[in-house]
Amino acid sequence: MAAILSLSSSFKFVINDNTPRRQPKRASEFINNYDPVKQKTFKYVKTPNFQSNSSVRKTNLSHQMENFISYVERGFVDTAIQLFDEMDKTSTFVWNLAIRVLTNNGLFKEALDLYHQMLVQGVRADRFTFPFVIKACGGCLDLVKGQNVHSKLFTVGLDLDLHISNSLILMYAKCGYIDFAEKVFDEMPVRDLVSWNTMINGYILVNDGLRSLERVRGMQQHRIQPDRFTIVSALHASSLMCSLPKGKEVHTLVIKSELERNEMVQTSLIDMYGKCGGIRYAERVFNMNSRIHVAAWNTMIHGYALNGQPFESFSCFRKLQENGLKPDNVSLINLLPSCSQVGSLLRGKAIHAYIIRMGFLPHIVLETALIDMYGKCEEPGLAKLIFNQMHSRNLISHNTLISALGQNSQYRDSLKLFCDMWNDGFKPDAITVTAILPAYSELAHLREGKQIHGYAVKSGFCSNTFVLNSLTYMYSKCGDLVSARDVFDGNFLKDVTSWNTIIMAYAIHGCGEISVDLFSEMKKKGIRPNSSTFVSVLTSCSVSGMVEEGWNYFTEMKSEYGIDPCIEHYGCMLDLLGRVGDLSKAEELITKMPLEPTYRIWGSLLAASRKHKNVELAEYAAKQILPLEHDNTGLYVLLSNLYAETGRWEDVRRVKSIMESQRVTKTIGLTMVDVKGKTFKFTDQDRSHEQSHLIYHVLDIILQNPVGRLVKFKPVDFLRRKSKSADWHSVRLAVCFGLISTSIGTHVLVRKNVRICEDCHDVMKKISLVCRREIIVGDSKIYHHFEDGQCSCRDYW
DNA sequence: TTAGGGTTAG
């Protein structure tokens with residue numbers, strides 16, 4: 001737009017009082033400043049004096065009109081509008097051209113403003129005015145304005161005009177009201193090819209491939225020959241349905257209609273085959289045409305990436321150049337996802353350098369593709385850099401960076417960007433919601449997550465499966481399993497991810513049996529499990545100690561579904577063996593697995609060894625972990641605890657000294673609890689809360705009271721307690737504050753940043769028994785539901 | 001003067 005508007009930036013013109021007029025920056029500014037009352041009298045206005053005077057003026061008039069039409073046709077918006085300002089505006093024709101130049105150059109709001117000025121000035125709109133005005137309504141996605149114009153058509157008797165009706169169909173479809181579009185189409189007394197094509201394309205705008213193809217069939221039944229636009233839409237419809245058979249049917253129609261040579265049709269065919277998983281067919285169409293154009297090459301590059309063939313994508317890009325063609329922006333945009341697929345930062349950087357060398361930047365889509373690539377190649381810093389250097393940003397570029405930051409665990413940065421985005425006036429869409437929810441999930445910000453849920457409901461995003469899956473995940477990660485289940489049950493278009501998410505939700509809340517039942521239900525409903533499903537199912541078996549079932553699923557994964565176990569699946573099996581104390585089998589599994597053991601694998605063996613007090617095996621696992629260059633804070637703490645539990649105090653001191661020499665500091669324990677819409681944070685031995693005295697007092701009573709006896713308040717001086725006792729761990733303080741701040745009978749939910757210690761775990765069981773309330777504690781790995789003195793983890797975590 | 005259009009970022 002800036003380019004178009006700047007074309008007239010050097011243009012200065014003089015009105016009859018010889019006062020140079022300031023060049024408006026935007027057509028809208030010009031139009032908004034335009035005052036029909038104060039307008040100057042221009043040379044060419046037909047006054048009696050002028051009329052009496054000469055053919056010279058008539059020549060000027062036609063010359064001016066010629067210029068005006070030329071500017072309109074060439075899309076010189078500013079110049080055309082400036083000229084329009086000087087012209088005689090009594091004829092509808094002149095207004096139509098001015099509205100046309102604005103509409104056709106994306107200045108929809110300005111076009112509508114001009115249309116209203118036209119009416120104010122008493123100029124009648126005609127059959128040529130309305131298509132532009134309706135197009136402008138569609139461009140603004142303004143249904144109300146569109147309907148107002150539509151109702152006016154009845155009063156002026158143009159409601160059945162062919163061209164106007166065609167415009168109405170598109171306007172309604174663009175606004176998402178396909179039923180209104182259908183009504184216009186069905187009531188048309190005469191339809192032409194454009195009417196059919198617009199209707200067929202309208203369904204695509206609302207993502208309804210099936211009804212689009214049904215209309216194509218209807219059109220043929222009416223003996224109307226499809227043209228290239230029909231075919232392009234029909235191929236798009238097949239892609240929307242991901243249906244190779246439907247796409248092939250349309251290909252037959254291409255042959256019958258003798259449109260195989262059309263470049264647009266060829267590109268659409270390649271695109272359809274790529275999107276429907278038929279990359280070999282795409283190659284065939286591509287290779288059958290010797291004079292192939294850049295768009296077709298670009299579509300092939302994209303097709304290979306979509307079909308998980310990144311190296312073919314790179315090779316295609318190379319061949320494009322070898323064939324003497326010049327890659328364009330789209331070539332690069334399509335190529336970048338292949339770098340992410342192979343995780344090749346080097347290739348990504350090389351392409352970035354090429355993009356800079358070729359002068360392709362700034363380009364908003366290309367920059368967004370770069371942000372995405374850097375995010376997926378684990379370089380969030382570079383993704384941020386690109387974003388900060390962008391000349392202009394849109395909703396998609398924001399969404400891309402939010403996702404990139406989330407993918408790289410930079411949740412706080414992604415939340416900050418989300419806030420900035422609001423402040424910059426970008427309204428989050430369903431994809432923003434999907435992108436930001438993981439940040440609330442991982443930081444366990446239930447209250448804020450609920451607010452996003454409210455926003456999603458209000459904005460109408462809650463029929464979107466991606467949004468619902470993210471909400472299910474958020475609720476489960478934030479400890480609210482009931483809400484997670486409610487969202488899952490309310491999702492009427494459950495996909496494999498929906499099932500994986502709810503199965504995992506029950507697993508991390510220690511309800512393995514329910515998870516396994518859900519897995520059976522999922523299979524009964526015909527949803528094919530994928531690799532992630534088995535991670536969820538094996539985790540469920542692990543949390544509930546279902547050894548036999550675990551092995552069965554581990555085998556079924558390969559035999560029934562052809563899924564090779566990856567490191568995550570082995571990790572789950574190790575957790576399962578560790579839980580039941582079968583350490584020798586766990587060791588054997590590590591030895592026999594065909595993959596290189598990772599931190600996750602040795603960590604699992606270490607945790608199992610600690611649980612079963614096998615110091616030797618724990619030391620062996622720890623030795624394997626140390627060279628893996630991971631954050632080993634947890635490892636040292638775990639080893640130190642094991643030595644302490646087995647009375648090896650010398651080793652405890654040794655580990656402490658290693659930690660000091662390596663400057664490894666124990667993560668500060670922090671527990672959060674939400675009370676009355678506010679989040680309260682507690683550290684160990686925290687006395688900063690204004691109700692500290694009461695919190696410590698209640699906790700003291702609970703700890704001192706024998707289980708089952710009535711709790712009585714007995715004042716004690718809490719300051720005399722030992723300051724470093726586990727009695728005052730943050731989780732206990734947070735739970736106590738939750739107990740005294742919420743109604744009797746309700747559960748108390750707290751979240752911790754590190755694993756719960758064994759002492760606190762026992763205390764939570766006691767609290768649940770003494771207070772007869774459910775206590776839910778989320779630690780860095782799972783949720784513990786304490787009820788009647790028992791924990792859902794069955795004392796293994 | 002009027003309606004529909006291929007490959008492209010989350």
Side-chain angles (χ1 to χ4, degrees), chain A residues 68-69 72-73 91-101 103-104 126-135 138 158 161-171 173 191-202 204-205 227-233 235-236 239 262-272 274-275 293-303 305-306 328-337 340 363-373 375-376 386 393-404 406-407 428-436 466:
Chain A
F68 182 49
I69 294 171
V72 168
E73 282 176 350
S91 86
T92 301
F93 176 68
V94 176
W95 285 91
N96 288 352
L97 283 174
I99 296 171
R100 172 187 157 187
V101 76
T103 299
N104 288 350
D126 63 9
R127 67 193 170 94
F128 295 109
T129 320
F130 288 107
F132 298 126
V133 173
I134 295 165
K135 188 176 180 180
L158 284 171
D161 179 275
L162 177 66
H163 290 104
I164 294 174
S165 298
N166 288 346
S167 313
L168 283 170
I169 296 169
L170 183 67
M171 182 273 292
R191 297 181 201 106
D192 67 356
L193 179 60
V194 177
S195 320
W196 284 93
N197 284 350
T198 311
M199 196 63 240
I200 289 163
N201 189 46
I204 288 166
L205 295 174
D227 70 352
R228 61 197 170 118
F229 296 115
T230 325
I231 296 295
V232 166
S233 295
L235 290 168
H236 198 150
S239 308
N262 182 278
E263 282 191 2
M264 207 193 283
V265 171
Q266 284 170 0
T267 310
S268 295
L269 267 172
I270 295 166
D271 182 54
M272 177 276 294
K275 284 179 177 155
H293 38 281
V294 175
W297 281 94
N298 293 349
T299 314
M300 265 326 285
I301 292 170
H302 185 232
L306 279 179
D328 62 10
N329 282 321
V330 182
S331 320
L332 279 315
I333 291 162
N334 290 354
L335 187 64
L336 281 167
S340 324
H363 184 282
I364 194 163
V365 179
L366 197 42
E367 285 160 322
T368 307
L370 281 167
I371 292 171
D372 185 56
M373 180 276 290
K376 289 185 175 139
I386 304 271
R393 301 178 191 120
N394 60 14
L395 182 62
I396 302 177
S397 50
H398 280 88
N399 288 351
T400 309
L401 186 59
I402 289 174
S403 291
Q407 283 156 11
D429 65 359
I431 295 174
T432 322
V433 169
T434 313
I436 198 63
F466 292 103

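Just so we're on the same page: letters track the sequence lines, and every chain starts at 1. These numbers were taken from a predicted model, which means no experiment stands behind them. When reading the values below, keep in mind they use all heavy atoms of this one structure, side chains included, and skip hydrogens, waters and symmetry mates.
- Taking only distance into account, the side chain of A:His236 never meets the base of B:dG5 through a donor-acceptor pair shorter than 3.5 Å.
- The CG-P distance, from A:Asn104 to B:dG4, rounds to 8 Å in whole Å.
- Closest to the side chain of A:Phe128, from the set B:dG5, B:dT2, B:dA9, is B:dT2.
- Remark: C1' of B:dG4 and CD1 of A:Ile231 are 14 Å apart, rounded to the nearest angstrom.
- Note on A:Asn394: a base of the nucleic acid sits closer than 4.0 angstrom, heavy atoms only.
- Among the atoms of the strands shown, none is found under 4.0 Å from any heavy atom of A:Asn262.
- In the set B:dA9, B:dT1, B:dG5, B:dA9 carries the atom at the smallest distance from any side-chain atom of A:Thr368.
- Taking only side-chain atoms of A:Asp126, from C-beta outward, the nucleotide of B:dT1, B:dA9, B:dT7 with the closest atom is B:dT1.
- Separating the CG atom of A:Asp328 from the P atom of B:dT7 is a distance of 13 Å, rounded to the nearest angstrom.
- Base contact: A:Glu263 has a heavy atom under 4.0 Å from a base atom.
- Using a 4.5 Å cut-off on side-chain heavy atoms (C-beta onward), A:Leu170 and A:Leu205 make contact.
- In this structure, the side chain of A:Thr432 engages the main chain of A:Asp429 through a donor-acceptor pair within 3.5 Å.
- Phosphate contact (OP1/OP2 of B:dT1, side-chain N/O of A:Lys135, threshold under 4.0 Å): absent.
- Residue contacts for A:Asn96: at a heavy-atom cut-off of 4.0 Å it reaches a base atom on one of the strands shown.
- Of the listed nucleotides (B:dT7, B:dT8, B:dT2), B:dT8 has the atom at the smallest distance from the side chain of A:Val365.
- Looking at the side chain of A:Pro131, the nearest of the listed nucleotides B:dA9, B:dA3, B:dG6 is B:dA3.
- Side-chain proximity of A:Ile396 to the nucleotides B:dG4, B:dA3, B:dA9 is greatest for B:dA9.
- Among the atoms of the strands shown, base atoms are found under 4.0 Å from some heavy atom of A:Asp227.
- For A:Asn197 against B:dA3, a side-chain-to-base donor-acceptor contact under 3.5 Å is absent.
- Interface remark: the A:Thr267 side chain does form a donor-acceptor pair with the B:dG6 base, using a distance-only criterion of under 3.5 Å.
- Listed nucleotides B:dT1, B:dT7, B:dA3 differ in distance to A:Thr299; the shortest reach to its side chain belongs to B:dT7.
- Within 4.0 Å (heavy atoms only), A:Val232 reaches sugar-phosphate atoms of the nucleic acid but no base atom.
- In this structure, A:Ser268 and A:Ile231 have side chains that are not in contact, with every pair of non-hydrogen atoms separated by 4.5 Å or more.
- Between A:Leu170 atom CG and B:dA3 atom P the separation is 10 Å, expressed in whole Å.
- In this structure, A:Asp429 reaches the bases: a heavy-atom distance under 4.0 Å links it to at least one base atom across the strands shown.
- One atom, CG of A:Asn334, and another, P of B:dT8, lie 6 Å apart when rounded to the nearest Å.
- At the heavy-atom level, A:Ile431 lies under 4.0 Å from base atoms of the strands shown.
- Within 4.0 Å (heavy atoms only), A:His363 reaches no atom of the nucleic acid at all.
- With B:dT8, B:dT1, B:dG4 as the candidates, the nucleotide lying closest to the side chain of A:Lys275 is B:dT8.
- For A:Phe132, taking side-chain heavy atoms from C-beta onward, the closest of the listed nucleotides B:dA9, B:dG6, B:dT1 is B:dT1.
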